[in-house]
Colleague: 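Here you go, one structure.
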Amino acid sequence: MDKVRIAAFDLDGTVLDGESPFILTRRLLLHHDMKVRTGLRMGVWGLKYRMRLPQRESTPRELLFSAFAGMPVEEVDAHILRVYNKHIAKRVRPGARAEVASVKEQGMVPILASASFKPMTDAVVEELGFEGQVSTVMEERGGVYTSRVVGEPVQGMEKLRQLQGYCDGRFGVGNWVLERAYSDHYSDIPMLQAAQHAVVTDPDGVLKKVARVHGWEVVDWDPSKRFKRSKRRDERQAAKAQKQAIEAASSASGE
């Protein structure tokens, strides 16, 4: 029996132009649904992440969901879906949409592998025609969300482990092969290394160097000028938030 051929796609920065958790955080801050102090803590975490300092991966996700703690699951999911439809769906890269369709035509099974939240990824799976997913799941008790992650976020080596576990459970151990993997970020190097064919999409600096060493394919799924302007605006706002977080942290330590 022929093995099932899997094509795994990262979401943020790969399928999407931008980072869906950051966009959701920004909307919460703008509407005063998240404490500014929480946003600053997330900014500090983001700065350390850019510096590649060791950190707990669940922290920013739990900080974000602290804004939803105690709220009904259906209400939160509906809110996240509204943010996706209004602010994120337009960021789906045409190149990614075309590639998902292409791998399906070639007989592969496209799987979304994302550290983003399941209500968000559910919408992407349905819209682009993915045939499965692994994504970060937030804890719920008695029909309401807590602010804790179930297990570990789908990131780095954990993304590869969860992808393998999902495929083993669905297709059977030894009955599938990771034929392709797509990502823009160095944290997905384990998944890219495990694939028969790795594709890096508009990679960050670290991944670009690794791709050159391994001879991985590099593709340009750059968005339109409108999206590029939006991306630059997001980057400026992220840099500003991180600067404010540093200043706040410095001020607090001097008190």
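We number each residue from 1, following the sequence as shown.
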Colleague: If every non-hydrogen atom of Ala115 is compared with every non-hydrogen atom of Thr136, which pair is closest and at what distance?
Modeller: O-OG1, 2.7 Å

Colleague: Any sub-3.5 Å donor-acceptor pair from Asp202's side-chain atoms to Thr14's backbone N or O?
Modeller: no

Colleague: Return the minimal non-hydrogen interatomic distance between Pro190 and Gly156, and the atom names on each side.
Modeller: CG-C, 4.3 Å

Colleague: If you look at every heavy atom in Gly174 and Asp168, which pair is closest and at what distance?
Modeller: N-OD1, 4.5 Å

Colleague: For Arg170 and Gly132, which heavy atoms make the closest approach, and how far apart are they?
Modeller: NH1-CA, 3.9 Å

Colleague: Could you tell me which non-hydrogen atom of Ala211 sits nearest to which non-hydrogen atom of Val200, and how far apart they are?
Modeller: CB-CG2, 3.9 Å

Colleague: One pair to check against side chain to side chain contact (heavy atoms under 4.5 Å, CB included): Asp204 and Asp184. What are the steps and the verdict?
Modeller: CA-CA 6 Å; Asp204 60 42; Asp184 72 306; 5.6 Å; no

Colleague: Looking at Asp10 and Lys159, is there a salt bridge between them, counting it only when a charged N and a carboxylate O are closer than 4.0 Å?
Modeller: yes

Colleague: Would you kindly confirm whether Val103 and Leu178 end up in one hydrophobic cluster when ILVMFWY residues are joined by side chain heavy atoms under 4.5 Å apart?
Modeller: no

Colleague: Can you tell me if Gln133 uses its side chain to pair, donor with acceptor, with the backbone of Val125 under 3.5 Å?
Modeller: no

Colleague: Are Arg26 and His87 packed together at the side-chain level, in the sense that at least one heavy-atom pair is separated by less than 4.5 angstrom?
Modeller: no

Colleague: First locate atom CH2 of Trp45, then atom OG1 of Thr59, and finally report the distance between them rounded to the nearest 0.5 Å.
Modeller: 7.5 Å

Colleague: Taking the side chain as every heavy atom from C-beta outward, state whether Val210 and Tyr186 have any atom pair closer than 4.5 Å.
Modeller: no

Colleague: Nearest heavy-atom pair of Ser20 and Met120: which atoms, and what distance?
Modeller: CB-CE, 4.0 Å

Colleague: To the closest 0.5 Å, what do you measure between CZ (Arg41) and CG (Leu63)?
Modeller: 4.5 Å

Colleague: Trp221 vs Phe9 aromatic rings, parallel, tilted or perpendicular, using cut-offs 30° and 60°?
Modeller: parallel

Colleague: Rounded to the nearest 0.5 Å, what separates atom CZ in Phe68 from atom CE in Met138?
Modeller: 10.0 Å

Colleague: Got Leu128 and Val92 here, is their nearest side-chain heavy-atom distance under 4.5 Å?
Modeller: yes

Colleague: Look up atom CG in Leu16 and atom NZ in Lys90, then write down how far apart they are to the nearest 0.5 Å.
Modeller: 12.5 Å

Colleague: Quick check against the 3.5 Å criterion: does Glu217 have a side-chain atom that pairs as donor or acceptor with the backbone of His197?
Modeller: no

Colleague: Step by step, would you call Leu40 with Val44 a side chain to side chain contact (heavy atoms under 4.5 Å, CB included)?
Modeller: CA-CA 6 Å; Leu40 291 175; Val44 171; 5.7 Å; no

Colleague: Say you draw a straight line from CZ of Arg180 to CD of Gln196; how long is it, rounded to the nearest 0.5 Å?
Modeller: 10.5 Å

Colleague: Is the shortest side-chain heavy-atom distance between Leu30 and Arg27 below 4.5 Å?
Modeller: yes

Colleague: Which word best sums up how the rings of Trp216 and His214 line up, parallel for under 30°, tilted for 30 to 60°, or perpendicular for over 60°?
Modeller: parallel

Colleague: Is there a chain of hydrophobic side chains (I, L, V, M, F, W, Y, each step under 4.5 Å between heavy atoms) that links Val134 to Val4?
Modeller: yes

Colleague: Hey, is Glu99 close enough to Arg93 for a salt bridge, meaning N to O under 4.0 Å?
Modeller: no

Colleague: Is the backbone of Glu57 close enough, under 3.5 Å, to the side chain of Arg61 for a donor and an acceptor to pair up by distance?
Modeller: yes

Colleague: Checking side chain to side chain contact (heavy atoms under 4.5 Å, CB included) for the pair Phe65/Thr146: CA distance, chi angles, key distance, verdict?
Modeller: CA-CA 8 Å; Phe65 256 72; Thr146 71; over 6 Å; no

Colleague: Check whether any side-chain heavy atom of Phe130 sits under 4.5 Å from a side-chain heavy atom of Ile111, and report yes or no.
Modeller: no

Colleague: I'd like to know if Val219 and Val100 are part of one continuous hydrophobic network [Ile/Leu/Val/Met/Phe/Trp/Tyr, side-chain heavy atoms within less than 4.5 Å].
Modeller: yes

Colleague: Around atom NZ of Lys208, are there more than 12 heavy atoms of other residues, nucleotides or ligands at under 6.0 Å?
Modeller: no

Colleague: Compile the donor-acceptor pairs under 3.5 Å between side chains in residues 70-85 and protein atoms, sequence neighbours left out, one pair per line.
Modeller:
residue, atom, partner, partner atom, Å
Asp77, OD1, Tyr145, OH, 2.7
Tyr84, OH, Glu127, OE1, 2.6
Asn85, ND2, Leu81, O, 3.3

Colleague: Within a strict 4.5 Å, meaning less than it, do heavy atoms of the Leu112 and Ser135 side chains meet?
Modeller: no

Colleague: Identify whether Ile88 and Val15 are in the same connected component of the hydrophobic contact network (ILVMFWY, side-chain heavy atoms under 4.5 Å).
Modeller: yes

Colleague: When you measure from the side chain of Thr25 to the backbone N and O of Pro21, does any donor-acceptor pair fall under 3.5 Å?
Modeller: yes

Colleague: With no hydrogens and no angle check, is any side-chain donor or acceptor of Gln162 less than 3.5 Å from a backbone partner on Glu152?
Modeller: yes

Colleague: Test side-chain hydrogen bond (donor to acceptor under 3.5 Å, both in side chains) on Gln155 and Asp188; report intermediate values, then the result.
Modeller: CA-CA 7 Å; Gln155 188 156 338; Asp188 283 331; over 6 Å; no

Colleague: Just by distance, do the side chain of Lys104 and the backbone of Gly129 share a donor-acceptor pair under 3.5 Å?
Modeller: yes

Colleague: Before giving the answer on side-chain hydrogen bond (donor to acceptor under 3.5 Å, both in side chains), spell out for His185 and Ser183 the whole-Å C-alpha distance, their side-chain angles and the decisive distance to 0.1 Å.
Modeller: CA-CA 6 Å; His185 198 264; Ser183 183; over 6 Å; no

Colleague: Should Met191 and Val154 be counted in the same cluster of Ile, Leu, Val, Met, Phe, Trp and Tyr side chains packed under 4.5 Å apart?
Modeller: yes

Colleague: Please round to the nearest 0.5 Å and tell me the distance separating atom CG of Leu24 and atom CG of Leu64.
Modeller: 5.0 Å

Colleague: Using a 3.5 Å distance criterion without hydrogens, assess whether the side chain of Arg91 forms a donor-acceptor pair with backbone atoms of Asp17.
Modeller: yes

Colleague: Between Thr121 and Lys118 (side chain of the first, backbone of the second, donor and acceptor by atom type, cut-off under 3.5 Å), is there such a pair?
Modeller: yes

